[in-house]
Amino acid sequence: MTDTEPQTANGKVLWHFTMSVDGFVAGPGHSMDWMTGTSRPGLVEEYVETTGAVIGGRDGWDATPPGVRPYGGAWEGALFVLTHHPEDARTEEGVTFLDCDVADAVQIAKEAAGGKNVEIFSPSIGRQLLELGLIDEIDLHIAPVLLGDGIRLYDNPGGVPIRLQPDQVVNVRFRPLDATNRLL
Ligand SMILES: NC(=O)c1ccc[n+]([C@@H]2O[C@H](COP(=O)([O-])OP(=O)(O)OC[C@H]3O[C@@H](n4cnc5c(N)ncnc54)[C@H](OP(=O)(O)O)[C@@H]3O)[C@@H](O)[C@H]2O)c1
């Protein structure tokens, strides 16, 4: 079962990621090259249209080259970066650094989003919001790759399982390719 209904813009808080089959949203050293070529037609346009504001974390911001913006620059909205030390952050136009409670950050982003969705581009912030009941949807695109290392969507050792709706398994089948993209 897959959900390919187009995303709607109605003020939701989305924890939105492309994720590897083994649950990583970034590779070692925040690498993102594994995502190249895995998107489907129209996906970027769909989220550019429905997203009003984005909240990210300081590590992701520090790993982002200057001038690089969400959705390859196609999206123009308010970007908020949560950090405990905004004073030493690299500043850019359209980016606001927040040192506040995560719930307050969501409220600020919602006001900036003008009724569209707020996207959370950070595993650690998403986990904090999930605990507070402030995530409306976990919206994932599962890329056909195994990374084995990197930053996990949900890292919470010792935590209890979080049940999700729909409450049934999602069935996917993949076959391994060799280095030249041929079936092994
Ligand atoms: N696959 C995808 O679709 C996709 C999309 C977007 C981003 N990403 C990747 O996701 C990764 C995000 O990395 P990450 O989750 O490890 O780090 P992160 O969330 O970007 O950064 C964590 C840092 O954010 C700050 N922070 C978090 N919660 C805070 C709070 N409540 N108050 C104040 N500051 C807070 C802290 O920084 P300080 O303590 O230093 O202040 C914390 O160390 C990046 O590699 C990014 O490229 C992937």
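Ligands are counted one by one from 1 in listed order, and the atoms in each one are counted from 1 as well.
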Counting heavy atoms only, which part of Met19 comes closer than 4.0 Å to ligand 1: side chain, backbone, both or neither?
neither
So, is Gln128 polar-close to ligand 1, with some N/O to N/O distance under 3.5 Å?
yes
Can an N or O of Gly60 be found at a distance shorter than 3.5 Å from an N or O of ligand 1?
yes
Below 3.5 angstrom, do we get any N/O pair linking Asp59 and ligand 1?
yes
Is ligand 1 less than 4.0 angstrom away from at least one heavy atom of Met35?
yes
Taking distance alone, with no angle check, do Gly57 and ligand 1 share an N/O pair under 3.5 Å?
yes
Honestly, for Ser124 the part within reach of ligand 1 (heavy atoms, under 4.0 Å) is both
Axial cation check for Trp61 ring with Arg90, 6.0 Å and 45° limits:
yes
Any idea which part of Ile151 is under 4.0 Å from ligand 1, heavy-atom wise: side chain, backbone, both or neither?
side chain
Using distance alone, decide if ligand 1 has a nitrogen or oxygen within less than 3.5 Å of any nitrogen or oxygen in His30.
yes
Based purely on interatomic distance, does Asp99 place a nitrogen or oxygen under 3.5 Å from a nitrogen or oxygen of ligand 1?
no
Output yes when a protein non-hydrogen atom is found under 4.0 Å of atom 42 (C) of ligand 1, and no otherwise.
no
With heavy atoms under 4.0 Å as the rule, classify the contact between His141 and ligand 1 as side chain, backbone, both or neither.
neither
Leu98 to ligand 1: N or O pair under 3.5 Å?
no
